[in-house]
Amino acid sequence: MTTQELPFPGLAGVPTADGPQNRKEYTSDQEVRWCPGCGDYAVLAAVQGFLPELGLRRENIVFVSGIGCSSRFPYYLDTFGIHSIHGRAPAIATGIATAREDLSVWVVTGDGDALSIGGNHLIHAMRRNVNLKILLFNNRIYGLTKGQYSPTSEPGKITKSTPLGSVDHPFNPVSLALGAEATFVARTIDSDRKHLTSVLSAAAAHRGTALVEIYQNCPIFNDGAFDAVKDNDTKVDAIIPLVHGEPIRFGAPGEDGLGSKGIVRSASGGVEVAQVAEVGTDALVVHDAHNADPSTAFALSRLTDAGVLHQSPIGIFRDVDRPTYDDQARQQIAQAGQDQGDPQVALAGLISGSDTWTIV
Amino acid sequence: MAKQVQQLDRVIIRFAGDSGDGMQLTGDRFTQESAAFGNDLATFPNFPAEIRAPQGTLPGVSSFQVHFADHDILTAGDAPDVLVAMNPAALKANLADMVPGTAIIVDSHDFSGRNLAKAGYESNPLDDDGPGSLAATYNLSVLDLTGMTVEAVKEFGLSRKDAARAKNMFALGLLSWMYGRPTETTIDFLTARFAKAPDIRDANITAFKAGWNFGETTEAFVVQYEIKPAAMPVGTYRNISGNLALAYGLVAGGVQTGLPVFLGSYPITPASDILHELSKHKRFGVTTFQAEDEIAGIGAALGASFAGALGITTTSGPGIALKSETIGLAVMTELPLVIIDVQRGGPSTGLPTKTEQADLLQAMFGRNGEAPVPIVAPQSPGDCFSAALEAVRIAVTYRTPVMLLSDGYLANGSEPWRIPEISELPTVDPAFATGPNKVSVADDGTETHTFWPYLRDEETLARPWAIPGTPGIEHRIGGLEKGDGHGNISYDPANHDYMVRIRQAKVDRIAESLPPLEVDDPSGRARVLVLGWGSTYGPIGAACRRVRKDGLDVAQVHLRHLNPFPKDLGEILKRYDAVMIPEMNLGQLSLLIRAKYLVDVVGYNQVNGMPLKAAELAEAITDLIAHTGPVPTTDATGEMEAVK
Ligand code: SF4
């Protein structure tokens with residue numbers, strides 16, 4: 001099984017199952033209630049298929065969500081779960097992950113939940129590097145409240161609350177996560193089961209906060225928002241695949257059979273798209289997800305359109321090691337408690353202090 | 001020279017100076033000396049919200065009042081017998097509290113031009129000796145404490161500024177001599193505190209001793225006072241502040257439940273000291289998480305509770321406002337959670353360093369929907385320890401968030417505390433769910449064993465505490481309404497009505513576990529009952545004593561539990577013709593009592609950021625007794641006649 005073959009530091013301390021598991025064991029008895037065609041179904045299917053591969057004890061997995069369509073996710077998985085309140089899932093999950101080393105803790109959130117009402121908790125979880133896996137379902141719209149623009153909607157978007165078009169500037173979730181110094185940042189697509197699963201697997205392996213942005217189609221209120229990266233006709237020019245150790249190339253195949261377009265350093269200090277035939281392969285940026293300096297990852301994140309999506313890097317932007325908050329907090333306690341002895345005796349000593357007097 | 005020794009039964013001293021003069025430390029040391037001596041005592045620190053308010057000004061004045069006695073006392077006292085004023089502003093700011101004839105000791109050093117002006121004096125009040133002057137009104141001692149300090153410590157070669165800083169220790173030494181305090185604890189304290197700065201250490205100890213010796217030799221003071229140790233119940237005592245006792249109570253809550261403590265908190269006055277204190281006790285398995293905001297503090301604590309820890313959050317009123325939604329989630333998910341509100345003056349930012357009891361209704365009702373939360377309140381600094389343990393007991397037994405309402409007066413005030421034996425403390429078994437709890441039998445007789453997270457204990461109505469890592473009880477909970485028993489989402493109208501009622505019934509059920517109220521009605525003839533809660537216990541008790549000393553009858557009941565009320569409260573209220581409720585708010589407990597028991601209570605309300613004054617309250621009680629009339633009694637013929 002996967003856990004025996006791969007080093008998964010992200011899951012160290014979580015007990016493994018006695019035997020093989022299947023997706024049925026991870027499926028709860030609750031009826032799934034998303035709209036027909038919703039991208040959430042695909043992600044749920046991918047997760048239900050992927051969790052048995054981790055080989056963990058099911059009772060040691062916890063899914064925590066906030067509020068929104070995607071936040072119903074925990075109800076459909078037969079693990080432990082909390083469907084909490086709007087925006088607060090990372091805070092609640094921080095408590096769970098810090099209190100218990102033996103749990104694999106996942107957060108399911110949306111663009112409104114994570115980036116609007118819960119923005120503060122999200123950035124602080126990432127800077128602390130709590131051992132959490134955060135799945136951010138980005139459909140660039142408010143679905144559950146029936147179609148208002150979200151903090152990732154493109155400028156000018158016409159919605160129920162912006163009849164003349166939105167004048168808000170959107171967040172780029174990957175840029176935000178990198179700015180908050182997240183140690184693992186990735187982007188994937190709901191409909192690409194294989195890529196989604198590989199990213200989830202890498203996130204699970206990572207020890208620390210993993211932020212995975214999932215482009216998720218909402219056919220009811222924002223249909224087609226990600227068509228560019230999904231349609232067979234357009235995706236070759238829209239998806240900029242990030243593969244660690246490989247030059248970043250995309251677009252229709254050139255003479256060498258690889259993408260005719262590539263990413264090069266720009267004069268302004270960032271990165272830009274160039275024709276490989278013009279710049280040569282040596283000029284291409286070789287993706288290094290393990291680079292301690294997040295500058296190039298950030299530059300890459302800026303290749304995503306802020307407006308209507310035509311082009312976006314997909315893959316793992318950053319995957320670096322940094323001590324986690326929860327490991328360090330537990331370590332301090334373990335060290336302090338080494339020669340504790342009987343807690344009641346220690347308590348008696350504590351409350352007495354040193355300045356006492358006795359009345360007989 | 002030989003000094004006279006005069007016996008006193010109690011003394012109230014107020015040390016006042018600039019925020020930078022070390023008055024809190026001075027008061028604290030005097031308190032420790034008095035505690036070591038065996039007096040009963042109560043303290044009241046009073047300081048500005050600013051860390052360094054402008055020097056020498058009225059807003060920058062910091063004071064520490066200590067009341068010590070040879071008998072048991074209940075408050076830090078209304079008005080000082082002795083004021084020690086280290087500068088003009090300290091004198092001016094505190095003069096209004098001084099009764100003519102009481103003693104004022106002034107450091108005259110700063111009574112000159114600019115410093116007088118900063119305090120708003122046009123001329124030096126110490127120079128005036130006409131009628132109505134300080135000298136004519138008070139027992140005034142004008143001493144150059146700073147000058148004497150600088151002279152005493154000159155051998156250490158400190159800068160003038162550093163040398164002058166030891167003046168608080170000179171003052172402490174003088175007062176310690178005057179009241180016959182033991183000096184060892186202070187010398188030990190200074191030795192440890194300044195271990196890394198030998199010059200400063202020696203200067204402070206020298207100044208302290210110089211102050212003592214000055215008292216011994218000067219002709220300015222001819223009387224030394226003696227306040228005998230108080231006769232207190234047998235036991236081992238220490239001095240303790242409310243925040244420290246609360247922190248210890250929470251550590252004890254972890255030990256006595258066998259649960260790891262998880263504190264999620266965001267710094268806020270006057271609750272931060274609990275966070276600081278708990279951060280020191282990692283060896284007890286206490287995790288402290290300083291969150292990004294109040295909401296994350298309680299969120300993480302609730303997450304930790306879900307994971308099987310004793311989740312705690314500490315804050316003050318503004319923080320409770322931010323935590324409200326998560327408290328609602330804790331009500332809905334029925335998880336144990338202890339929420340500490342150290343109340344301060346409100347609304348909004350209000351008066352961060354002053355005390356108030358105006359969060360009772362917030363604690364009671366400050367959430368959307370029907371969201372009942374049990375409320376407990378400590379009544380004195382030392383009592384914060386037991387109140388914390390009681391909050392833990394209720395939270396764990398009933399799987400519910402519990403609000404503990406302390407306040408600024410309790411938090412920073414201190415008193416001698418009889419240290420309990422650990423064997424006296426209650427233990428609570430968290431009784432985690434261990435496996436499926438529901439058997440369903442199909443038509444063909446086959447049994448399935450499942451886990452129902454909302455199947456209730458018949459006695460407590462509590463649901464199982466089902467923590468991750470336990471096989472066979474995987475389940476999902478959340479803020480959406482639960483179906484009775486199985487806990488899955490339910491929008492069924494009848495189910496919602498039932499669940500709202502059962503959550504309320506569970507909280508009401510706590511009353512079954514409460515001991516009968518203690519009614520303090522020594523003569524048994526009182527017609528007026530004074531009902532209180534929280535930190536007003538001391539002033540109410542002291543006021544009742546005054547009233548009884550005057551030969552009148554009054555009864556006192558103090559509530560530890562504000563929600564639910566104890567079962568016998570209604571019956572007790574009905575025994576009295578009049579009920580007065582003194583509170584540091586506009587009548588919040590009054591409102592609850594009127595609503596629940598239809599008793600026309602009389603409010604006594606003060607919201608000035610300060611504790612109630614016993615003398616004023618005693619007057620109000622006396623008025624109410626007069627208004628209510630004497631005690632009717634039944635004579636042999638069965639007719640009513642008035643006593644007295
Ligand atoms: S509204 Fe959109 S996001 Fe929500 S369930 Fe329906 S399709 Fe999915």
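Both backbone and side-chain heavy atoms feed into the values below; hydrogens, waters and symmetry mates do not. In what follows, chains are A, B, ... by sequence order, proteins preceding strands, each numbered from 1.
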Can you say whether A/Ser352 sits under 4.5 Å from chain B via the side chain, the backbone, both, or neither, judging by heavy atoms? both

When the 4.5 angstrom heavy-atom criterion is applied to A/Ala348 and chain B, the contacting part is both

Would you say the side chain of A/Asp355 lies within less than 4.5 Å of the side chain of B/Phe189, judging by non-hydrogen atoms? no

Of all of A/Thr79, A/Val62, A/Asp102, A/Asp29, which one pairs up most often with chain B through heavy atoms under 4.5 Å apart? A/Thr79

Let me know if A/Ile67 has heavy atoms under 4.5 Å from chain B in its side chain, its backbone, both or neither. neither

For the student: nearest non-hydrogen atoms of A/Leu350 and B/Arg238, plus distance: O-NH1, 4.0 Å

d(B/Ile419 CD1, A/Thr358 OG1) to nearest 0.5 Å is 7.5 Å

Pairs of heavy atoms under 4.5 Å with chain B: top-ranked of A/His86, A/Gln335, A/Arg88: A/Arg88

Closest non-hydrogen atom pair between A/Ala346 and B/Arg283, with its separation: CB-NH1, 3.8 Å

Whatever's closer than 4.5 Å to a heavy atom in chain B on A/Tyr325 counts as side chain

Top contributor to chain A contacts, counting heavy-atom pairs under 4.5 Å, from B/Gly478, B/Gly285, B/Pro471: B/Pro471

Evaluate the side-chain proximity of A/Asn120 to B/Ile295: yes if any heavy-atom separation is below 4.5 Å, no if none is. no

Need one label for A/Leu103: side chain, backbone, both or neither, based on atoms under 4.5 Å from any heavy atom in chain B. side chain

Does A/Val64 reach the side chain of B/Phe306, with side-chain heavy atoms less than 4.5 Å apart? no

Under 4.5 Å from any heavy atom of chain B - which part of A/Arg58: both

Below 4.5 Å from any heavy atom of chain A, which atoms of B/Ala230 appear? Answer side chain, backbone, both or neither. backbone

Checking heavy atoms, do the side chain of A/Gln344, its backbone, both or neither come under 4.5 Å from chain B? both

Separation between NE2 (A/His121) and CG (B/Asp293), nearest 0.5 Å, reads 4.5 Å

